[in-house]
Amino acid sequence: MIVHSRRNFLKASASAAGLYLIGTSAVAQTLSAGEPADPAGRLVPFPPTSVRLGPGIFQEQEEINARYLDSLKVDRLLHSFRATAGIPSSVTPYKGWEDPTCELRGHFAGGHFLSAVALASASSGNTALKNRGDELVSGLGACQKKIGTGYLSAFSPELFEHLVQGKPVWAPFYTYHKIMAGLLDMYLLTGNIDALQIAEGMGQWAQEFMGNVSSDQRQRMLRTEYGGMNEVLVNLAEISKKERYLDAAHFFEQPGFLDPLAERRDELQGLHANTHVPKIIGAARMYEVTGERRYRDIAEYFLTEVLAARNYAIGNTSLDEHWSTPPNQLKGTLAWTNAECCVAYNLMRLQRHVFSWTSDARWMDAYERALFNCRLGTQNAQGLKQYFFPLAAGYWRAYNSPEESFWCCTGTGAEEFAKFSDTIYFRRGSDIYVNHFISSTLDWKDEGLVLEQVTEFPREQGATLKIKSARPALRNIHVRIPQWTTRDAQVKINGRLLEAVADPGSYLALRKVWQDGDTISISMPMELRQEQLPGDDSVNAALYGPLVLAADLGAIPPNGPERVIHSGDTVPKSLSAASPLPKADAAPDADTKKWIQVESPSELRFTAVGESAKYALMPIYQIDDQRYSVYWRMQSRQKQS
């Protein structure tokens, strides 16, 4: 095994990690033109400027999110930053987690918002949002210059001193990370050079601050949530070619958390889920820039363990934001406060990294599960986002308010709904990997190749890839054959049926000289199946292909989905406890088709036979204002017999 030394880690390419260098700065030109795109042989995603969504639900949701981002005012986002820097501001600040008294202020205003508008600009060519991002970067730069130390935040450094002194404080480095990440996204995705300079100043301040405390003191400080500080500093090191930021990233590593994972021990019980997933993304990035295998082992074991032993059917994890039980013991955990949406967002980011190393289809299967069941549906028609994802029966969706919430999940949601195109296609050399079935067009200008994907998936059980090529070229096109499809899956090239298709849960490599006008048609039959809740074989969820099905339990309570906002959580006023799970007229090991009928595959309508009633079922992402249930109480085997 070859391990890159610290001295030459800077030879790693940013694109190999999914970082995109599309600006015109000297650094961007050097990296993109002077080094190989994939020195480690990993798969890399196509930059978002190369992929555009086509007509369909993903494009619709992208546009809703863009309208919400466009409704926010830059001067109001800057208010607390200006107040901290001593720059006059007379505008009305936003409330919730952006209120001038909240210790997390700035995480959305200077962080998530920048990442989201940068992604929207790159993914859809939204120049209006790019201009808003540029305006915000300019305002942040003025605040940093006025402070004069490289420090930049919407609160004073006093909150960081609270960390040092062991005083209670929410999460100052969490916010600091979001701001740095937003600035780097503006640089990488839109070419804003000032954003990189501001981020460098922040990185220098963070390194000096953490370098002035002892190792033991740092470990005590790191018990407070710090987001992805290790990740963003690794990214900054790679972009700037300055090793000092890699040294700074090591300040944010916790042996007490990482060592058990390196030894393949699950000691996650009791930990706050979304505090710790970003730390693993940081470990993944450390592997990608240093080649140190231990970091990869940590990331792969962690992801495997969480998805296999701590996940709900929708593809997300956590109760009350924590891993509250031992592995494979989720019995009794269905509640209002399941599956914090930020966790799904970060797990999907981690799945992207691990897939790029392994090309293993299971990670894209998992990504797809979360995409359709944890992300779609968590935004309403006004662009507002969910915080928790209730999995107890009888609850409903609840969303943030337009100007008085700004939760962590508001921010990650704003990013997610701006980057649906970023994982559809990957490449290795001249090979293309088609990971997801989403209406879209890939324009690979360097190769003179356009790949148009025409599909209404999941209403259509397949997709067609149309090739437009400036010249004939020999290449492999790898198409994911999902784990959920049947052995009746078919692939046709130019209308001619292939005699064999790869097994479900793998990639089919199609190698030929591709010419202009060639087509690839993929048929992926869906079927019904059910999955047990880990640790409770009497509770099952029903799925159709990758889609988790939800039972429609009727209208929400008369006073509507009103909510009380308290510390960022949404609490339903009208339900003090969940309803009992609906009872299926089937045993846990029954054939799903015996108690669920497919009424219309194209309309995704289903009927379930309960013990005392019939229920209409639909994909969970279609649930809007209804009360619903994802899980079912199955009959005992004795009763069935």
(request) May I have the step-by-step check of side-chain hydrogen bond (donor to acceptor under 3.5 Å, both in side chains) for Arg352 and Tyr367, ending in yes or no? (result) CA-CA 8 Å; Arg352 254 176 129 245; Tyr367 191 102; 4.8 Å; no
(message) As a quick check of understanding, evaluate side chain to side chain contact (heavy atoms under 4.5 Å, CB included) for Leu449 and Lys468, giving each step before the final call.
(response) CA-CA 6 Å; Leu449 178 71; Lys468 301 174 185 177; over 6 Å; no
Between [X] and [Y] (side chain of the first, backbone of the second, donor and acceptor by atom type, cut-off under 3.5 Å), is there such a pair?
X	Y	value
Thr317	Ala273	no
Asn435	Met364	no
Glu292	Tyr287	no
Glu452	Lys466	no
Asp185	Ala118	no
Asn316	Glu340	yes
Arg459	Leu604	no
Asn65	Ala414	yes
Gln626	Asp624	yes
Asn346	Ile281	no

(message) Apply side chain to side chain contact (heavy atoms under 4.5 Å, CB included) to residues Leu233 and Leu246 and explain how you reach the verdict.
(response) CA-CA 6 Å; Leu233 286 165; Leu246 192 67; over 6 Å; no
(request) Report yes if the distance between the aromatic ring centroids of Phe606 and Tyr544 is under 6.0 Å, otherwise no. (result) yes
(message) For a side chain to side chain contact (heavy atoms under 4.5 Å, CB included) check, start with the C-alpha distance between Ile520 and Thr464, then their side-chain angles and the critical distance, and finish with the verdict.
(response) CA-CA 6 Å; Ile520 303 169; Thr464 297; over 6 Å; no
For [X] and [Y], which heavy atoms make the closest approach, and how far apart are they?
X	Y	answer
Leu547	Pro619	CD1-CG, 4.0 Å
Leu497	Gln490	CD1-CB, 3.7 Å
Ser469	Asp516	N-OD1, 3.0 Å
Pro525	Gln461	CA-OE1, 3.3 Å
Ala195	Tyr187	CB-N, 4.1 Å
Ala249	Met286	CB-CE, 4.0 Å

Would you call the rings of [X] and [Y] parallel, tilted or perpendicular if under 30° counts as parallel and over 60° as perpendicular?
X	Y	result
Tyr621	Phe372	tilted
Phe113	Phe108	tilted
Phe417	Phe420	perpendicular

(message) I'd like to check Val450 versus Leu442 (side-chain heavy atoms, cut-off strictly below 4.5 Å). Are they in contact?
(response) no
(message) If you define the side chain from C-beta out and look only at heavy atoms, does anything of Ile424 sit under 4.5 Å from Phe437?
(response) no
(message) Evaluate Arg605 against Glu603 for salt bridge (charged side-chain N to carboxylate O under 4.0 Å, His left out), listing each step before the verdict.
(response) CA-CA 6 Å; Arg605 290 191 293 105; Glu603 297 177 358; 2.7 Å; yes
(request) Taking ring pair (Phe, Tyr, Trp, His ring centres under 6.0 Å) as the test, write out the residues that go with Tyr345, two or more places apart. (result) none
(request) Output all residues satisfying salt bridge (Lys or Arg N to Asp or Glu O under 4.0 Å) with Asp297, sequence neighbours left out; order by chain, then residue number. (result) Arg293
(message) List the residues meeting salt bridge (Lys or Arg N to Asp or Glu O under 4.0 Å) with Arg511, not counting sequence neighbours, and say none if there are none.
(response) none
Can you list the residues that meet the side-chain contact (heavy atoms from CB on, under 4.5 Å) rule with [X], with sequence neighbours excluded?
X	value
Asp194	Val137, Asn192, Gln197
Thr592	Leu528, Gln530, Trp595, Ile596
Thr607	Gln597, Glu599, Lys614

(request) Please determine which of Lys385, Gln379, Gln382 meets the side chain to side chain contact (heavy atoms under 4.5 Å, CB included) test together with Tyr68. (result) Lys385
(request) Determine the sole option in Val434, Thr519, Ile493 for which the side chain to side chain contact (heavy atoms under 4.5 Å, CB included) test with Leu465 is passed. (result) Val434
Mind checking side-chain hydrogen bond (donor to acceptor under 3.5 Å, both in side chains) for [X] and listing every partner two or more places apart, or none if nothing turns up?
X	value
Arg369	Glu531
Lys512	Asp518
Ser121	none
His177	none

(request) Would you check if there is a donor-acceptor pair between the side chains of Arg52 and Thr441 at a distance under 3.5 Å? (result) no
(message) Show every salt bridge (Lys or Arg N to Asp or Glu O under 4.0 Å) that has at least one partner inside residues 474-486, sequence neighbours left out.
(response) Asp365-Arg480, Glu368-Arg480, Glu447-Arg475
(request) Output every pair passing salt bridge (Lys or Arg N to Asp or Glu O under 4.0 Å) with a member in residues 408-417, not counting sequence neighbours, ordered by first then second residue. (result) Arg375-Glu416
(message) Walk me through whether Trp357 and Glu288 qualify under side-chain hydrogen bond (donor to acceptor under 3.5 Å, both in side chains).
(response) CA-CA 9 Å; Trp357 312 334; Glu288 290 173 348; 2.8 Å; yes
(request) May I ask you to check if Arg397 and Phe389 form a cation-pi contact, with NZ or CZ under 6.0 angstrom from the six-membered ring centre and within 45° of the axis? (result) yes
(request) Show the numbers, then the answer: is there a side chain to side chain contact (heavy atoms under 4.5 Å, CB included) between Ile522 and Lys492? (result) CA-CA 7 Å; Ile522 309 117; Lys492 296 179 181 179; over 6 Å; no
(message) Is it the case that over 12 heavy atoms from other parts of the model lie below 6.0 angstrom from the CD atom of Glu456?
(response) no
(request) Under the side-chain hydrogen bond (donor to acceptor under 3.5 Å, both in side chains) rule, what do Ser440 and Tyr425 come out as? Steps first, then yes or no, please. (result) CA-CA 10 Å; Ser440 55; Tyr425 307 102; 2.7 Å; yes
(request) Could you tell me whether Arg67 and Asp70 have a side-chain N and a carboxylate O separated by less than 4.0 Å? (result) no
